[in-house]
Protein chains: 2
Amino acid sequence: MSILDGDHDVTAVRHAAPTLEMVAARAGVSRATVSRVVNGSDKVNPSSIEAVRQAIAELGYVPNRAARSLASAQSHAIALVVPEDITRFFGDVFFASIVAGLNDRLDQSDYVLNLMVASQDPGGKTERYLLGGAVDGAVVVSHHTSDHFLERIGDAIPLVFGGRPGLENIDTWVVDVDNEEGGAVAARRLVERGCTKIATITGPTDMQSALERTRGWKRVVEAAGLEPGPQVDGDFSMVGGALAMRELLDQYPDVDGVFVASDLMASGAMPVILESGRRIPEDVAVVGYDDSPAALACPVPLTTVLQPSEAMGRAMADILLDVLAGGERQRSTIMPIELVERESA
Amino acid sequence: MSILDGDHDVTAVRHAAPTLEMVAARAGVSRATVSRVVNGSDKVNPSSIEAVRQAIAELGYVPNRAARSLASAQSHAIALVVPEDITRFFGDVFFASIVAGLNDRLDQSDYVLNLMVASQDPGGKTERYLLGGAVDGAVVVSHHTSDHFLERIGDAIPLVFGGRPGLENIDTWVVDVDNEEGGAVAARRLVERGCTKIATITGPTDMQSALERTRGWKRVVEAAGLEPGPQVDGDFSMVGGALAMRELLDQYPDVDGVFVASDLMASGAMPVILESGRRIPEDVAVVGYDDSPAALACPVPLTTVLQPSEAMGRAMADILLDVLAGGERQRSTIMPIELVERESA
DNA sequence: GTGAAAGCGCTAACAT
DNA sequence: ATGTTAGCGCTTTCAC
């Protein structure tokens with residue numbers, strides 16, 4: 001009692017956290033017993049459990065994480081590494097739902113998530129953090145190809161990559177979406193509705209995912225006995241999509257179907273099509289990619305390819321947790337995509 | 001050398017991290033000296049510094065965070081607490097740039113950011129984490145009014161709130177944007193362009209920020225000698241904005257100016273105005289709020305109120321870091337808003 | 001300027 | 001089932 005009645009010092013003095021030792025003293029048991037109760041060991045006498053529980057409640061005891069972590073060599077934390085500009089990252093619904101999925105899975109464990117934005121990272125702070133035992137494992141999400149510093153880290157803690165190839169020769173897992181199949185599904189839709197002049201607006205050519213989507217698109221178009229139309233780089237941005245569309249209409253005026261590799265680009269491209277006097281989908285059918293909010297904000301509701309981003313996040317967390325618990329997991333997990341049918345194609 | 005040449009066990013065995021003791025042995029100095037070098041103490045002989053540095057490099061030594069944290073009673077981490085649904089959080093550009101600002105400031109310190117999404121938080125994991133000494137302080141961002149569990153936390157570590165009122169009676173700081181002034185600026189724009197029938201589409205009435213914007217709007221409209229038009233709740237969503245606009249046009253058909261308390265709502269409301277045969281801004285002028293990407297995706301480029309969200313994030317981090325360093329800071333910081341002039345008003 | 005020694009609060013063997 | 005004893009890897013007096 002005497003320790004707690006400190007109402008008078010609320011604002012100025014921070015309460016010193018009670019320790020396990022204080023709990024032990026109050027409950028009249030050894031520190032080891034308290035530790036056992038806290039960690040849910042089964043070999044404890046019910047009466048002791050009760051006494052400890054009460055002492056914990058009365059004192060408001062919370063285990064010190066650093067001490068626990070030091071003694072057990074586990075942090076019960078995992079890092080979310082984002083080697084990307086943070087505004088871009090958060091602006092992207094794809095990433096947002098991955099994080100939501102991650103978080104959802106983690107909520108059911110006693111692990112916490114640490115956000116590491118490594119875009120600039122002066123002084124290798126991120127690397128030191130990951131190597132310093134602060135986290136038991138890490139999840140890496142980015143569209144870009146792997147950054148170098150991660151190689152050393154995969155050597156020290158398990159790494160799960162999302163949406164892109166992992167590193168070679170070290171302990172890493174990959175959860176990816178089947179981008180090529182995504183491009184293929186989009187193209188198939190166009191082919192099946194009777195388009196014969198099928199072009200595509202692609203993402204940046206230095207992104208693996210963009211390349212794969214294009215490859216899938218091309219495969220299907222060719223398999224249908226058609227001559228693939230132009231591939232114009234739209235840079236994954238809205239204005240990029242508009243510019244690409246303009247260029248496309250110029251050099252390939254009789255285009256009747258286009259696979260736009262992101263909804264954002266599609267939302268930029270559509271007005272250009274409309275302004276040229278063509279109708280969507282009657283004259284030019286459009287299939288997007290992402291099923292982002294942008295798909296609904298388009299002039300014509302966009303038929304698009306849905307990536308299971310939240311499920312990806314959940315899968316990544318699940319794999320990492322499993323591995324940390326000593327389980328075995330497949331190195332590579334490919335998540336299925338699906339077509340969301342709306343009006344543009 | 002002999003310790004490092006372990007190329008053969010890359011995949012299976014994780015390297016045991018070198019300890020300070022190993023560095024000391026290699027450098028031929030005491031552990032205390034290594035610690036001094038690592039922490040940049042000035043009272044170390046240059047030659048020792050050199051020896052230690054080299055040993056660190058050769059061994060690839062990285063200090064163990066848990067041990068350091070336990071011994072120094074500091075974690076060098078701060079938490080970003082989000083008592084909100086994560087998808088909503090990341091979907092909101094306002095929050096995204098706050099995080100960008102936070103991160104930007106933190107990059108220049110040796111603190112790291114820990115993401116705590118407390119929306120559901122079974123078992124009070126977040127609370128235990130924050131209370132367990134895992135972080136030295138926390139930043140809380142959310143539009144919603146304070147959650148209860150934060151009170152105990154503010155008692156243990158310094159808390160900085162963003163964009164909403166903090167808690168009473170405990171050590172908290174608040175960085176907020178002047179929402180009332182934001183609403184006032186928007187209304188002023190409408191008044192100055194000659195509107196006389198000015199309505200508003202508001203955010204949810206249980207959000208402080210929404211209330212304040214409406215208050216500012218009302219104050220200015222009345223000060224101009226005008227009768228304030230209807231206030232319709234648009235729920236901060238796109239469809240909510242559309243529905244609200246429809247209702248507004250019904251009950252107040254001669255409206256000639258409307259302050260829509262978020263760009264997202266405005267992007268939903270505008271098409272409704274246009275479809276009713278009214279022109280923007282000639283018949284109905286529209287001012288939004290946020291200066292989000294949605295402002296540019298509107299049928300008519302949206303004049304809107306800009307919140308300095310990134311600066312807010314930076315300010316929050318700055319305050320927290322200062323306080324952690326023992327500095328004194330004002331409890332409340334109000335950031336200025338500004339009007340972004342485009343075509344809709 | 002440098003080293004020795006004593007913890008930080010917890011977990012994990014090892015006894016009992 | 002419970003207590004005792006060592007540490008985990010680091011910082012931090014306190015001597016020298």
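Each chain gets a letter, A, B and so on, in the order its sequence line appears, and its residues count up from 1. Any value given below was found using the heavy atoms of this structure, including those in side chains, with hydrogens, waters and symmetry copies removed.
- Contact annotation: the side chain of V141(B) approaches that of M316(B) to within less than 4.5 Å [non-hydrogen atoms, C-beta and beyond].
- Applying the salt bridge (Lys or Arg N to Asp or Glu O under 4.0 Å) test to E21(A) and every residue at least two apart in sequence or in another chain returns R31(A).
- Contact of the T126(B) side chain with the I153(B) side chain is not registered, since no non-hydrogen atoms from C-beta on lie closer than 4.5 Å.
- Atom pair K43(B):NZ and dT11(D):C1' shows a separation of 15 Å (rounding to whole Å applied).
- Protein atom CG of N45(A) is 14 Å distant from nucleotide atom C1' of dG3(D), rounded to whole Å.
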Could you pull out all donor-acceptor pairs under 3.5 Å where a side-chain atom in residues 46-54 of chain A meets a protein atom, sequence neighbours excluded?
unit_1, atom_1, unit_2, atom_2, d
S47(A), OG, N45(A), OD1, 3.2
Q54(A), NE2, E58(A), OE2, 3.0

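- For S41(A), there are no side-chain hydrogen bond (donor to acceptor under 3.5 Å, both in side chains) partners two or more places apart in sequence or in a different chain.
- Shown for residues 63-77 of chain A: residues whose heavy atoms fall under 4.0 angstrom of DNA chain C, namely P63(A), N64(A), A67(A), R68(A), A71(A), S72(A).
- The salt bridge (Lys or Arg N to Asp or Glu O under 4.0 Å) test applied to R329(B) returns D318(B), D322(B), not counting sequence neighbours.
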Pairing pattern in dot-bracket form [Watson-Crick, G-U; both distances under 3.5 Å; | = partner strand] for DNA chain D: ||||||||||||||||

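- On the nucleic acid side, DNA chain C has its first and last nucleotide under 4.0 Å of a heavy atom of chain B at dG1(C) to dG9(C), going 5' to 3'.
- Among the candidates V139(B), D107(B), L320(B), the single residue satisfying the side-chain contact (heavy atoms from CB on, under 4.5 Å) test with L102(B) is V139(B).
- Applying the ring-ring contact (aromatic ring centres under 6.0 Å, His included) rule to pairs touching residues 40-63 of chain A yields nothing, sequence neighbours excluded.
- Every residue two or more places apart in sequence or in another chain that forms a side-chain hydrogen bond (donor to acceptor under 3.5 Å, both in side chains) with R314(B) is listed here: D104(B).
- Take Y111(B) and apply the ring pair (Phe, Tyr, Trp, His ring centres under 6.0 Å) test, not counting sequence neighbours, and it matches H76(B).
- Across residues 28-39 of chain A, V29(A), S30(A), R31(A), A32(A), T33(A), R36(A) each have a non-hydrogen atom less than 4.0 Å from an atom of DNA chain D (numbered order).
- Remark: P of dT2(D) and CD of E50(A) are 13 Å apart, rounded to the nearest angstrom.
- The side-chain hydrogen bond (donor to acceptor under 3.5 Å, both in side chains) test applied to R68(B) returns N39(B), not counting sequence neighbours.
- A distance of 9.0 Å separates CD1 of I98(A) from CG of L80(A), quoted to the nearest 0.5 Å.
- Remark: of the listed residues V117(A), V82(A), L115(A), V117(A) is the sole one forming a side-chain contact (heavy atoms from CB on, under 4.5 Å) with N103(B).
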